[in-house]
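Chain letters run A, B, ... following the sequence lines, proteins first, then strands; residues in each count from 1. As the structure is a computational prediction, the values presented were derived from the model and not from experiment.
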Number of protein chains: 2
Amino acid sequence: MAAKSEQTRQLVADVALKMFREIGFEKTTMRAIAQEAGVSVGNAYYYFASKDELVQELYIQVQDEHAVTAAQALEGVQDLAGRLKAVLHTGVDVMAPYHQFGSDFIATAIRPSSPVNPFGEASTAAREASLAIFRSAVEGSSPAVAKKLRGDLPELLWLAYMGVALFWVYDKSESQRRTRKLIDGAAPLVARGLSLAKIPGVSKVFDDVLGLVRSVKEDSE
Amino acid sequence: MAAKSEQTRQLVADVALKMFREIGFEKTTMRAIAQEAGVSVGNAYYYFASKDELVQELYIQVQDEHAVTAAQALEGVQDLAGRLKAVLHTGVDVMAPYHQFGSDFIATAIRPSSPVNPFGEASTAAREASLAIFRSAVEGSSPAVAKKLRGDLPELLWLAYMGVALFWVYDKSESQRRTRKLIDGAAPLVARGLSLAKIPGVSKVFDDVLGLVRSVKEDSE
DNA sequence: GGAATGTTTTGAACGTGTTCAAGAATGAGT
DNA sequence: ACTCATTCTTGAACACGTTCAAAACATTCC
């Protein structure tokens, strides 16, 4: 049966994530993981081709949890500002246990070749899941977002979320207070900024921004 | 005389930067640098405490070059959009020889503990120099930028520049065509966006954005 | 049962960045 | 010229991530 194999894999992953949380990324060596899990180093590598892949395991788990908690937090919240706050705050919540590990994670994730790179192919599933959260935040809001923005907005918000995550990594205030402050301040501002799209003079600028985003995006395919 | 010592330091740095450019970051091992320079590994470490510090050497050099070429490119250009383009294009120009090396550089630079981290203490000088370029781009523009924006704008533009650099790293199009396109599209849009600050309804949003930026910034001190 | 095939596990070995005790070279003071 | 302290230089050694041939175990088929 495949159960035994899966059990070893799960054991290695669990031990690794626990050690990441408790002693950080660098101190969690492959040898230490193997020893703690009671397997050989080579065996850990049989299931995870690199230390990065163990980070990917963490990334997926965090994303899954975000999807659940965000969906809960969105219930009953109507306005876009509130919905944005809900998604961003829960995002920070699920990352919190790994804050000390954040900078190592980002350093790993930002490398195009990394399986954890949020723009990369290996994390398509995780990215889509994350995007879906923002899409739901936008689509479920009332008053509704201007039609012409609705298509691209989730992706732009997701991008902004990556920025928030980066800010969070650098945030040394206790409990990452500053990141919370940023979210609380920025969410209503984004909502208000978007509502300006109705003003004639502003509308054209919005159109051009969207046009630029699309043209730069298309060019890559 | 200190000349002999300085000579060795310079030799190691030159060899390292040359190898970074020609064979990339990972293949440029400390042993290879030492051998090519004709010194021992330990000796290279006497001058540079880590491989990262050799990257810092590169960072400083690139920044210096940017300051020079940007100042040239700004001459005779009046409008903000043009000045922004000048600064951003020259920025990409000086980085160009290191494009293949870009992702490793960013992965190194993004780690808060790295001497090359653009937000960190070790690169205060380089960051100030870079900020000064943007300050000059803003202050020298006519028609002038709205007074209330003038103070914070350079810093925000510098931040956007970091974003452009990140985009550039991921840009796989030949000669990084897409990054050029992004710059050409975004620069006039930023200028036009800023001119909207005069519209009453928009003005308040601008004020709040600035207020948020300041409050989040202050909190860190 | 037993061979053949496929899956899982092992631990030694490699090349890496980095450290450090020891030694060589240099310079200052007398 | 001769100390003595300071500055440079060396190369072996360490822990790390990663690889891989070989062994152990499991499964399938006759």
For the residue pair B:Y59 / B:N117, report whether a side-chain donor-acceptor contact shorter than 3.5 Å exists.
no
Taking atom types as modelled, is there a side-chain donor on A:S130 or A:H66 under 3.5 Å from an acceptor on the other?
no
Tell me whether the rings of B:F25 and B:F20 are parallel (<30°), tilted (30 to 60°) or perpendicular (>60°).
tilted
For a 4.5 angstrom cut-off between non-hydrogen side-chain atoms, does [X] reach [Y]?
{"X": "B:F134", "Y": "B:L88", "value": "yes"}
{"X": "B:L156", "Y": "B:Y161", "value": "no"}
{"X": "A:R177", "Y": "A:S175", "value": "no"}

Rounding to a whole Å, what distance do you find between A:L11:CG and C:dT8:P?
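So the two atoms are 15 Å apart, to the nearest Å.
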If I take atom CD in residue B:Q35 and atom P in nucleotide D:dG11, what distance separates them, rounded to the nearest angstrom?
12 Å
Do B:F119 and B:W158 make the cut of ring centroids closer than 6.0 angstrom?
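Close enough - the centres of the two rings lie under 6.0 Å apart.
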Nucleic acid contacts - residues 44-51 of chain B versus DNA chain C, non-hydrogen atoms under 4.0 Å:
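B:Y45, B:A49, B:S50, B:K51 - these, ordered by number, are the residues of the stretch whose heavy atoms sit under 4.0 Å from the strand.
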Residues which pass side chain to side chain donor-acceptor pair (under 3.5 Å) with B:E121, listed by chain and number, not counting sequence neighbours:
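Partners of B:E121 by the side chain to side chain donor-acceptor pair (under 3.5 Å) criterion come out as none, since no residue qualifies.
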Give me the atom names and distance for the closest heavy-atom approach of B:P115 to B:S123.
O-CB, 3.8 Å
Heavy atom of residues 17-31 of chain A under 4.0 Å from DNA chain D: which residues?
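Those residues are A:T28, A:T29, A:M30, A:R31.
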Under 4.0 Å, heavy atom to any atom of DNA chain D: which of residues 102-119 of chain A qualify?
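Heavy-atom contacts with DNA chain D come from no residue of residues 102-119 of chain A; none.
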When you measure from the side chain of A:R83 to the backbone of A:A137, do you find a donor-acceptor pair of N or O atoms at a distance under 3.5 Å?
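The answer is yes, because a donor-acceptor pair under 3.5 Å joins these two groups.
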Pair B:K18-B:E22, salt bridge (Lys or Arg N to Asp or Glu O under 4.0 Å): steps then yes or no:
CA-CA 6 Å; B:K18 184 163 133 78; B:E22 293 179 357; 3.5 Å; yes
Any side-chain N or O of B:N43 less than 4.0 Å from the OP1 or OP2 oxygen of D:dT10?
yes
Checking all strands, does B:V39 fall into the base, sugar-phosphate, or nothing category for heavy-atom contacts under 4.0 angstrom?
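Result for B:V39 = sugar-phosphate.
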Any ion pair linking B:E57 and B:R9 (charged N to carboxylate O, less than 4.0 Å)?
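Salt bridge between B:R9 and B:E57, a charged N being under 4.0 Å from a carboxylate O: yes.
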Side-chain donor/acceptor pairs under 3.5 Å, residues 179-190 of chain B, sequence neighbours excluded:
| residue | atom | partner | partner atom | Å |
| --- | --- | --- | --- | --- |
| B:T179 | OG1 | B:D171 | OD2 | 2.7 |
| B:R180 | NH1 | B:H89 | O | 3.3 |
| B:R180 | NH1 | B:H89 | ND1 | 3.1 |
| B:R180 | NH1 | B:D93 | OD1 | 3.1 |
| B:R180 | NH2 | B:D93 | OD1 | 2.6 |
| B:K181 | NZ | A:D219 | OD2 | 3.2 |
| B:D184 | OD1 | B:H89 | NE2 | 2.8 |

Starting from the first five and the last five pairs of the helix from C:dG1-D:dC30 to C:dT30-D:dA1, work out the angle between the resulting helix axes, to 10 degrees.
10°
